[in-house]
Amino acid sequence: MIDIKLLRDEPEVVRAALAKRNSALRIEDALETDAKRRALVYEVEQLRAEQNVASEAIGVKKKAREDASDAIAAMKTIKDRIAVLEEQVREVDEALRYALLTMPNIPHDSVPPGASEVDNREVRRWGTPRVFDFEAKDHVDIAEKLGIVDFECGAKLAGARFSLSKGAGARLERALINFMLDVHTQEHGYTEVLPPFMVNSACMEGTGQLPKFASDSFRVENTDYWLIPTAEVPVTNIHRQEILSADALPLYYAAYTPCFRSEAGSYGKDTRGMIRQHQFNKVEMVKLCAPEDSWEELERLTANAETILQRLGLPYRVVTLCAGDLGFSSAKTYDLEVWLPGQNAYREISSCSNFADFQARRANIRFKRDKKPEFVHTINGSGLAVGRTAVAILENYQEADGSVVIPEAIRPYMNGLERIATATA
RNA sequence: GGAGGAGUAGCAUAAUUGGUAAUGCAGCGGUCUUGAAAACCGCCGCCUUCGGGCUUGCAGGUUCGAGUCCUGUCUCCUCCGCCA
C-alpha cells in the first residue's frame, strides 16, 4: 500500500509511477474520497469532543443527585448525528481502503521503463552453458527414462500440472531443500522457520495477494484459509501488527515450504514437465530491515540466491525487471534465470524483490528508533525454486547414456551418490 | 467436538449500583554526583486540521456515558472426548 500522504500531497508522483507501469489506473476518485473522508472524520471528532464534555457534566450532576434530563435529551441529538456521520465514514473508509489496496507500488528510479518482459534488462551472467556432443534432452525425457518423475501418476492423483517424484528424484528435491537451507542459515545468517502452509485472509492482504489477485491462489472451501502461493506470505506476516525494537533489525528468515498456485491465465503455457505446476517446493529468504538499508539488502539477498546456483555449477543470468513486468507489490525485482539446455533458454528460477514499505504498511509492521514508529522495509527472494533447480540439474548434468551426474555440492545430501542412473540408484 | 475459566501499556497487578483506565517494575530524559547508585521531577499506546479524537483480545449492541451489561468471534489455560 502506498502512503496516502504521498497520494494526497504529490499525486503527480503516483500518476508517473502508474504510467511507468503501463497501468490505466486513475487516482482522481481516490483523492476525492480521501478529501471527503477527512472532512467527515473531522466533523465526527468535533461532535465527539462536545459529547465527552457534556457526558462528564452529566456524571457530575448525577453524583450530586441533581436532575440531568435536559442535558441527556440534548445529547440524544448529537448522538443521532454522530451515528449518521459514522455510517458515512464507514462507507467512505471502505472505498478509500479498497482504492489504496488495489494501487500498485511505486517502481524505484533504477527500474527500467518498458511494457513487458522483452524490456527487462540483463545485469550479469555467470557460467558458460555446456556444449553437448550429443543431443541434449529436456527434463521430462530424462526423468521419465530414469523413472524418477511420474507425470501420469500426478495427473491421476490430482490432475494436470501435478507430478509424482520417486526414488532418486524425490531424494534430489529433499537434498536440494536441505542444501539450500543449510547454506542460508549457516553461511548467510538466516534463521530457519517452518510456517503454516495455509494462512488467513489478513496475511494474504498484508503481502499483496489480496484483494486483487484472489484467483491466483487456492482457497480452502468454507474457511478463511488460503494455501500459500509462496512462503513470503506467512514469513513476512510473522511480524504483522507489531512494533519491533530498532536493534532487532535486520531480521533474516529462511523457510522451506511447498507453494500452491492456480496458474489461472497460463493455460497452454509450460504444460509439459515440472516448470509450471500447481504445487512446487521452494526455499524462500525474507528480510525485514530499516528503510535506508533495503537497497543494499536486496543486492545481498540476490547474491545469496546466486550462491546456490554457483555451488551447483548452474549457468545463469540476472535481469532487472522493467516497470511493466514488475509485480504488484514490488518496487524493484531481480530475476535469476538458469540455463536450461532442454529449452535452449534462460528460465526464471528465483525472483528477488524489494517491496520498500509497501507490504509493511499493509501488514502494519513497524519499528521504533526515535519517538515515532516507522514502517520497516521488506525484501524477499527465492533461494531457490526447488523443482526448477532439479530440472536444471537434470538438463545441465545429463550424460549421453541418459544418466545424470549429481553436482558435488549436494552429494553429501544424497548419501554420497555421484550419478543417477536408475530410479533406485 | 463438549464443559468451565481467563484476556487491561514491554511485564505484573487495580478500577464501588456503569461515571470517563489507576499503581508498581522495566525503559527514556532531567536534577543531584568526579562517575555510578539511591532519591526526586518529567516522559513512558496510536492518530490529529493541535481544538481534540481514539485505545481494556477483536467486531457489534444497549446507554447521555461501557474495562464493567448483552450478542458474536479469536486466542490461551483446565477437564472430557478424539487423534498424530
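Just so it is clear, the structure is predicted and the values come from calculations on it, not from any experiment. Numbered from 1 within each chain, the chains take letters A, B, ... in sequence-line order.
Phosphate contact (OP1/OP2 of B:rG65, side-chain N/O of A:Lys61, threshold under 4.0 Å): absent. Between A:Lys368 and B:rC46 there is a side-chain N or O to OP1 or OP2 distance below 4.0 Å.
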Interface polar pairs with nucleotides 67-75 of chain B, N/O, under 3.5 angstrom:
none

Using a cut-off of under 3.5 Å, enumerate the N/O to N/O pairs linking the protein to nucleotides 49-53 of chain B.
| unit_1 | atom_1 | unit_2 | atom_2 | d |
| --- | --- | --- | --- | --- |
| B:rU49 | O4 | A:Arg38 | O | 2.6 |
| B:rG53 | OP1 | A:Asn52 | ND2 | 2.9 |
| B:rG53 | O2' | A:Glu45 | OE2 | 3.4 |

What does the list of N/O pairs under 3.5 Å between the protein and nucleotides 55-63 of chain B look like, with a distance for each?
none

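Rounded to an integer number of Å, the gap from A:Leu47 CG to B:rC54 P is 11 Å. Atom CD in A:Glu242 sits roughly 11 Å away from atom P in B:rG10 (whole-Å rounding). Between the CD1 atom of A:Ile243 and the C1' atom of B:rG10 there is a distance of 11 Å, given to the nearest Å. Distance A:Ile4 CD1 to B:rC47 C1': 14 Å, rounded to the nearest Å. Rounded to a whole Å, the CZ atom of A:Arg361 is 15 Å from the C1' atom of B:rC47. Rounded to a whole Å, the CG atom of A:Asp93 is 13 Å from the C1' atom of B:rC47. As rounded to whole Å, 17 Å separates atom C1' of B:rG27 from atom CG of A:Leu244.
Donor-acceptor pairing under 3.5 Å is recorded for the side chains of A:Ser201 and A:Asp224.
Dense packing is recorded around CD of A:Glu187, with more than 12 heavy atoms of other residues, nucleotides or ligands lying under 6.0 Å away. Heavy atoms of other residues, nucleotides or ligands lying less than 6.0 angstrom from CD of A:Glu408 number 12 at most. The 12-atom threshold is not exceeded at CD of A:Glu296, counting heavy atoms of other residues, nucleotides or ligands nearer than 6.0 Å. The environment of A:Tyr225 atom OH is sparse: at most 12 non-hydrogen atoms of other residues, nucleotides or ligands sit within 6.0 angstrom.
The ring-ring contact (aromatic ring centres under 6.0 Å, His included) test applied to A:Phe260 returns no partner, not counting sequence neighbours. By the side chain to side chain donor-acceptor pair (under 3.5 Å) test, A:Glu43 is found to be paired with A:Arg81, residues two or more places apart in sequence or in another chain being considered.
A salt bridge links A:Arg90 to A:Glu87: at least one charged side-chain nitrogen sits closer than 4.0 Å to a carboxylate oxygen. Salt-bridge check for A:Glu205 with A:Arg97: passed, with a basic side-chain N closer than 4.0 Å to an acidic carboxylate O.
Consecutive Watson-Crick or G-U pairing (both distances under 3.5 Å) extending over three or more pairs maps onto RNA chain B as B:1-7 with B:74-80, B:10-12 with B:23-25, B:27-31 with B:39-43, B:45-47 with B:52-54, B:57-61 with B:69-73.
For A:Lys62, the side-chain atoms get nearest to B:rG19 when compared with the rest of B:rG19, B:rU48, B:rG45. Picking from B:rU48, B:rC46, B:rG65 the nucleotide with the shortest atom distance to the side chain of A:Gln51 gives B:rG65.
B:rU78 and B:rU68: their C1' atoms are spaced 25 Å apart (whole Å). Annotation: B:rU31 and B:rA37 have their C1' atoms spaced 15 Å apart (nearest Å). Distance check on atom P: B:rG19 versus B:rG65 gives 14 Å, rounded to whole Å. Across the P atoms, B:rA21 and B:rG4 are found 34 Å apart, a figure rounded to whole Å. Remark: the separation of the P atoms in B:rC46 and B:rC11 is 15 Å, to the nearest Å. Taking atom P on both nucleotides, B:rG51 is separated from B:rG18 by 37 Å, rounded to a whole Å. Taking the P atom of each, B:rG72 and B:rC54 are spaced 27 Å apart, rounded to whole Å. Nucleotides B:rA84 and B:rA3 are separated by 25 Å at their P atoms, to the nearest Å.
Taking both residues in full, the closest heavy atoms of A:Arg240 and A:Cys203 are given as NH2-SG, 3.5 Å, listed atom of the first, atom of the second, then distance. Across every non-hydrogen atom of A:Tyr252 and A:Gly189, the tightest pair is CB-O, 3.6 Å. Minimum interatomic distance between A:Val149 and A:Ser165 (heavy atoms only, all atoms of both residues): CG2-OG, 4.1 Å.
For A:Phe358 and A:His377, the ring centers sit 6.0 Å or farther from each other.
Both A:Ala73 and A:Ala57 sit near RNA chain B, but only A:Ala57 has its closest nucleotide nearer the 5' end.
The aromatic rings of A:Phe328 and A:Phe213 sit perpendicular to each other, their planes meeting at more than 60°, with 30° as the lower class boundary.
Classification of B:rG51 as syn follows from a glycosidic angle within 90° of 0.
One distance of note links OH of A:Tyr190 with CG of A:Leu301; it measures 4.0 Å at 0.5 Å rounding.
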